[in-house]
Amino acid sequence: MTIETTVDTAVFERRESEARSYCRSFPVVFTSAENATLTDQNGREYIDFLAGCSSLNYGHNDPDMKAALIDYISADGVAHGLDMFTSAKADFLETFEKLILKPRGMDHKVMFTGPTGTNAVEAAMKLARKVTGRNSIIAFTNGFHGMTLGALSATGNSGKRDGASTPLTGIARMPYEGAFGAAADTLAQIEMMLSNPSSGLDAPAAIIVEPVQGEGGLNAASKKWMQGIARLAKKHGALLIIDDIQAGIGRTGRFFSTEEFGIDPDMITLAKSLSGMGLPFATLLLKPELDVWQPAEHNGTFRGNNHAFVTATVALKKFWAHDTFVKQLGDKSAFLERRLELMRDKFLSGAAIKGRGMMRGIDVGSGELAAEICADCFDNGLIIETSGAHDEVVKVLAPLTIPMEQFSAGLDILESAIAENTSFLRIAAE
């Protein structure tokens, strides 16, 4: 099939809502994509360090997933089935059980929510309140959990919250690790608030936390801090919800971002790269004893995306049936960390390298500088975005499958953009 390559961009300005955002940073019409390469309608290629905001961990149009989906569609496989039983759903559940749950000693049930991450978060929050009979949920500074009202209430970003135009309630905000600087023990502060009967903090139904804050600045929680949060949740009768929507599915090195922490979450939200191919697909993993829903008590028309089941099953079998992929991620993560450290040492002395695994970035100190760096990257063929409370972190979210040569080339573009945009800082320092 030939993709039409002549597009009148005026239609976007004329008809698309002002809510559009990414296209403002990358104002070209993309027509095709393969692994870590996007191509626009003029034939120009770009290295993709955004990867659908971590929805494309396995890159664009993986050939095996694409072939399986084409075969399924050609055979008139069920596309939409609400929550009815289908062969595609059975294949996914059996593969997920065999390759992900059982090897990790997990007995969690799989709840198919609506098609995106915020739907999984909504289900988790709703279920926590139903199970515990409590209302308040602890969420953290700089956290991002989605844009629907319940998930938005747990999101910290004021720009996102202001769009609600209604009070966002039911959340107790606590400081994430490092929120007050390295010297402040936020875990001790949270423990005091939970243990002091005069703190004014209601007993929480749940604690929801991102082990790495994707939109909040790539703040990465330590093993000690995460274990402490898990301990506090259990001590105070709150459910522990791990939001692994952006940090999971290999982005931080393992399928789940908490695998190295030795904690046992009550619930885990997954979305973004779960389908393997960028198709809408979100789930909530929950311990069996929490599965107290009545039939259809929480549902959604598009919770049965069979096309996503097909591609997700291929992704699991291709990348998670053995440890080769995880080892490759370790090598790429170490390479990325070294390159970012070299950039910092050469051009941004004292800047923080943020994140973990293949979810890393560099804090350049201001949103204005970060925006200029990203704009220069785009002009030179690299798609990359920012993160953080002030958009001050230049964030690398390359596909996990990116070839090393292309990965290095993309980082060369980033380094050149940092060098160009920090030259005035070096001159001023001299």
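Basis for what follows: all heavy atoms, side chains included, without hydrogens, waters or symmetry-related copies.
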S275 side chain vs P280 backbone, donor-acceptor pair below 3.5 Å: no
When you look at Q246 and Q213, which way does the side-chain hydrogen bond (donor to acceptor under 3.5 Å, both in side chains) test go after all the steps? CA-CA 8 Å; Q246 189 168 146; Q213 295 184 318; over 6 Å; no
Side chains of W225 and I190: closer than 4.5 Å at any heavy-atom pair? yes
Out of the candidates T155, T269, D243, only one should pair with H145 under the side chain to side chain donor-acceptor pair (under 3.5 Å) rule; please name it. D243
Using a 3.5 Å distance criterion without hydrogens, assess whether the side chain of Y176 forms a donor-acceptor pair with backbone atoms of E210. yes
Rounded to the nearest 0.5 angstrom, the CD1-CG distance for I418 and L369 is 8.5 Å
How would you list, by chain and number, every residue that makes a salt bridge (charged side-chain N to carboxylate O under 4.0 Å, His left out) with K130, sequence neighbours excluded? E297
Side chains of T148 and E122: do they bring a donor and an acceptor to under 3.5 Å? yes
Considering only NZ, NE, NH1 and NH2 on the basic side and carboxylate oxygens on the acidic side, decide whether D412 and R339 come within less than 4.0 Å. yes
Taking only residues two or more places apart in sequence or in another chain, which ones pass side-chain contact (heavy atoms from CB on, under 4.5 Å) with T95? L99, T313, L316, K317
With a 6.0 Å cut-off on ring centres, are F281 and F302 close enough? no
Evaluation steps, side-chain contact (heavy atoms from CB on, under 4.5 Å), between S366 and H390: CA-CA 7 Å; S366 78; H390 305 284; over 6 Å; no
Start with the C-alpha gap between E392 and T386, add the side-chain angles, then the distance that decides, and say whether side-chain hydrogen bond (donor to acceptor under 3.5 Å, both in side chains) holds. CA-CA 7 Å; E392 73 280 9; T386 61; over 6 Å; no
Distance check, rounded to the nearest 0.5 Å: H307 atom NE2 versus I70 atom CD1? 11.5 Å
Checking T37, I413, D40 against Y46 for side-chain contact (heavy atoms from CB on, under 4.5 Å), the one that qualifies is D40
So does S54 get a backbone contact from the side chain of S273, meaning a donor-acceptor N/O pair under 3.5 Å? yes
Side-chain touch M125/S153, heavy atoms, less than 4.5 angstrom: yes
Residues H298, K126; criterion side-chain contact (heavy atoms from CB on, under 4.5 Å); working and verdict: CA-CA 9 Å; H298 186 90; K126 183 174 174 180; 3.1 Å; yes
Once you round to the nearest 0.5 Å, how far does CG of N305 lie from CZ of F112? 10.5 Å
Less than 4.0 angstrom from a charged side-chain N to a carboxylate O is my criterion; do D244 and R251 meet it? no
Rounded to the nearest 0.5 Å, what's the gap from CZ on F319 to OG1 on T401? Could you check? 6.0 Å
Counting N and O atoms only, with roles assigned by atom type, does the side chain of K395 sit under 3.5 Å from a partner on the main chain of M359, one being a donor and the other an acceptor? no
For the pair K223 and E260, find out whether any cationic side-chain nitrogen is under 4.0 Å from an anionic carboxylate oxygen. no
Heavy-atom closest pair, residues S257 and F261: O-CE1, 4.0 Å
Between L69 and V314, is any pair of side-chain heavy atoms under 4.5 Å apart? no
Given 3.5 Å as the limit, does a donor-acceptor pair link the side chain of R254 with the main chain of E259, or not? no
Would D83 and K89 pass as an ion pair if we require N to O under 4.0 Å? no
Side chains of Q406 and I47: does their closest heavy-atom pair fall under 4.5 Å? yes
Basic-acidic side-chain contact under 4.0 Å: R356, E337: no
Please determine if E177 and K224 form a salt bridge, counting it only when a charged side-chain N lies under 4.0 Å from a carboxylate O. no
Walk me through it: do I207 and I241 pass the test side-chain contact (heavy atoms from CB on, under 4.5 Å)? CA-CA 6 Å; I207 300 176; I241 304 169; over 6 Å; no
Does any N or O in the side chain of R24 come within less than 3.5 Å of the main-chain N or O of R20, such that one atom is a donor and the other an acceptor? yes
Between K272 and G278, is there a donor-acceptor pair closer than 3.5 Å when you use the side chain of the first and the backbone of the second? no
Applying side-chain contact (heavy atoms from CB on, under 4.5 Å) to F92 and V310, what does each step give before you reach the verdict? CA-CA 7 Å; F92 169 75; V310 170; over 6 Å; no
Identify whether the distance between the nearest side-chain nitrogen and carboxylate oxygen of R231 and E191 falls below 4.0 Å. yes
Can you confirm whether L336 sits close enough to F407 that some side-chain heavy atom of one is under 4.5 Å from a side-chain heavy atom of the other? yes
Decide side-chain hydrogen bond (donor to acceptor under 3.5 Å, both in side chains) for N35 and H60; before the verdict, give the C-alpha distance in whole Å, the side-chain angles of both, and the deciding distance to 0.1 Å. CA-CA 4 Å; N35 200 358; H60 296 268; over 6 Å; no
Separation of I100 CD1 from M106 CE (nearest 0.5 Å): 9.0 Å
Do F140 and N142 have side chains that get closer than 4.5 Å, going by heavy atoms? no
Heavy-atom side-chain contact between D291 and P288 under 4.5 Å: no
Please check this pair: side chain of S199 against backbone of L201, looking for a donor-acceptor N/O pair closer than 3.5 Å. yes
Let me confirm one number: the CD1-CG distance from I384 to D376, rounded to the nearest 0.5 Å. 12.0 Å
